[in-house]
Amino acid sequence: MLGHRFLAELRECAIVALAGVLLARKRKHDLELRKREAQFRAVAEMSPSAILIYQRGKIVFANPGAETLTGYAVGELVGRSVAELLHPEDRAGLGAQDPVPGDETPARGEFRVLTRSGAERWVDYRWGAIRFQGEPATLGTAFDISDRKRSEEQLRLLTTELTLTEERERRRMATFLHDVIGQTLALCRIKIRGLEKAEPPAPVAGPLGEVRELVDLSIRNTRSLTFELCPPILYELSFEAAIGWLAEEFHRQHGLAFDIRDDAQSKPLTEEMRIILFQAVREVFVNVIKHAGATRVEVTIARDGGTIRVSVNDDGAGFDPQTLARAGSVGGGFGLFNVRERLKYLGGVIDVGG
């Protein structure tokens, strides 16, 4: 009987001791957790970037950087939905769901934040799963890139204006070649033919014929240059017809075989759109000649709702798109960069595959 009582008391003491150890560990863990949170808050307070922590889409922590970015006081941000801070068109890209706990890969995107005054600010936003106060949460950091976005937009506008200015100059030069040079040469040919009909002396007839042949060659070259500078077909007919003419010119000059496929749907394009798309396709054709070593090119022109898609595929050597992207980032690939910036102005994109 005494032995049973002793064992029971011993077990009770062991339980109490274990409880004490667990309690001490919990206190130590809580203390470490509070220290880490205090360190995080100290860093967050000093960070110029906006830092948010939210759970189930609701903000539970915001630093002064978030206050500066959004115009809302920290107290106004806490409890507010993250989605409310974003432009309606950008909310789907972020989503309201917290990342999966344990997934240490942060997500990244560029979004428009709506400030308290209603202004838009572009941010480079990165977010990932953490634990905050013992619960799953999302940590997000936002860096204001509005100045960079404005610079990019100005670059796009300048690039497009350069393209349109170049096209206007091409058109002016083509008009000059046709109306002045071309007409003058045509008059010279008429006068030469008149002299030939008058049966000039033999010593004159031979050189006169040579002069006529040179004038005829100049007329052909002038017409060819006029079409290259500004193909009238681009303005008088359609974009599809202009691409067909361009393919014929590349076939004549370089021997490439072209297969043009059109879905026969109407493609309403403004003159500005026709010009930029035409020049973009011409740049791609030039790249095929310079780099691909191809013998055949397939061009598909199709309309999908309000979107016009032009696909250019060749049977050339191919390349690594990632290598091209890296080269373009340090100054190479300016042609495709130029095409990309022109299309951005129209709300379009270029997708380059190897």
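Basis for what follows: all heavy atoms, side chains included, without hydrogens, waters or symmetry-related copies.
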Is it the case that one hydrophobic cluster holds both Val78 and Leu52, taking links as side-chain heavy atoms less than 4.5 Å apart, direct or via other members? no

Membership question, hydrophobic clusters at under 4.5 Å side-chain separation (ILVMFWY): are Met273 and Trp245 in the same one? yes

Smallest heavy-atom separation, Leu77 atom then Ile59 atom, equals O-CB, 3.4 Å

Is any side-chain N of the basic residue among Asp263 and Arg303 closer than 4.0 Å to the acidic one's carboxylate O? no

Kindly give the heavy-atom pair with the smallest separation between Val180 and Thr184, and that separation in Å. O-OG1, 2.6 Å

Quiz question: by atom type and distance under 3.5 Å, do the side chains of Ser151 and Arg148 form a donor-acceptor pair? no

Nearest heavy-atom contact between Arg131 and Pro136 is NH1-CG, 3.8 Å

Joint cluster assignment, Leu214 & Leu187, ILVMFWY side-chain distance < 4.5 Å: no

Under 4.5 Å between any side-chain heavy atoms of Val74 and Asn63, yes or no? no

Checking salt bridge (Lys or Arg N to Asp or Glu O under 4.0 Å) against Arg116, which of Glu84, Glu67, Glu76 comes through? Glu76

For a quick test of reading the model, state the closest non-hydrogen atom pair linking Ala294 to Leu256 and the distance between them. O-CD2, 3.2 Å

About how many Å separate CG of Leu277 and OG1 of Thr270, when rounded to the nearest 0.5 Å? 9.0 Å

Locate the shortest heavy-atom distance separating Val312 from Phe285; write the atom from each residue and the value. CG1-CE1, 4.0 Å

Spell out, yes or no, whether Val113 and Tyr72 are grouped together once hydrophobic residues are joined by side-chain heavy atoms under 4.5 Å, including indirect joins. yes

Going from OG1 on Thr222 to CG on Leu217, what distance comes out if it is rounded to the nearest 0.5 angstrom? 9.0 Å

Quick check for you: to the nearest 0.5 Å, what is the distance between Leu246 atom CG and Phe258 atom CZ? 7.0 Å

Under the rule for side chain to side chain contact (heavy atoms under 4.5 Å, CB included), what residues qualify as partners of Glu240, not counting sequence neighbours? Ser238, Asp262, Lys267, Ile301

Would Val286 and Phe278 show up in the same hydrophobic cluster when neighbours are defined by side-chain heavy atoms closer than 4.5 Å? yes

Give a yes or no on whether Arg168 atom CZ has more than 12 heavy-atom contacts from other residues, nucleotides or ligands under 6.0 Å away. yes

Hey, what else clusters with Ile145 if you join Ile, Leu, Val, Met, Phe, Trp, Tyr whenever side-chain heavy atoms sit under 4.5 Å? Trp122, Phe143

Hey, are Glu169 and Arg172 close enough for a salt bridge, meaning a charged N less than 4.0 Å from a carboxylate O? yes

For the residue pair His254 and Phe250, does the interplanar ring angle fall in the parallel (under 30°), tilted (30 to 60°) or perpendicular (over 60°) class? tilted

Mind checking the CZ-OG spacing from Arg126 to Ser49? Nearest 0.5 Å is all I need. 10.0 Å

Counting only heavy atoms not in His251, do more than 12 fall under 6.0 Å of its NE2? no

How many angstroms lie between atom CG of Leu69 and atom CD1 of Ile51, to the nearest 0.5 angstrom? 12.0 Å

Does Arg261 use its side chain to pair, donor to acceptor, with the backbone of Glu298 at less than 3.5 Å? no

Would you call Asp216 and Arg220 a side-chain contact if the rule is heavy atoms closer than 4.5 Å? yes

So, the side chain of Arg112 versus the backbone of Glu120: is there a donor-acceptor pair under 3.5 Å, distance only? no

Minimal heavy-atom distance between Ala83 and Arg91, with the atoms involved, is O-NE, 2.8 Å

Just how far is it from atom CG of Asp147 to atom CD of Glu152, taken to the nearest 0.5 Å? 11.5 Å

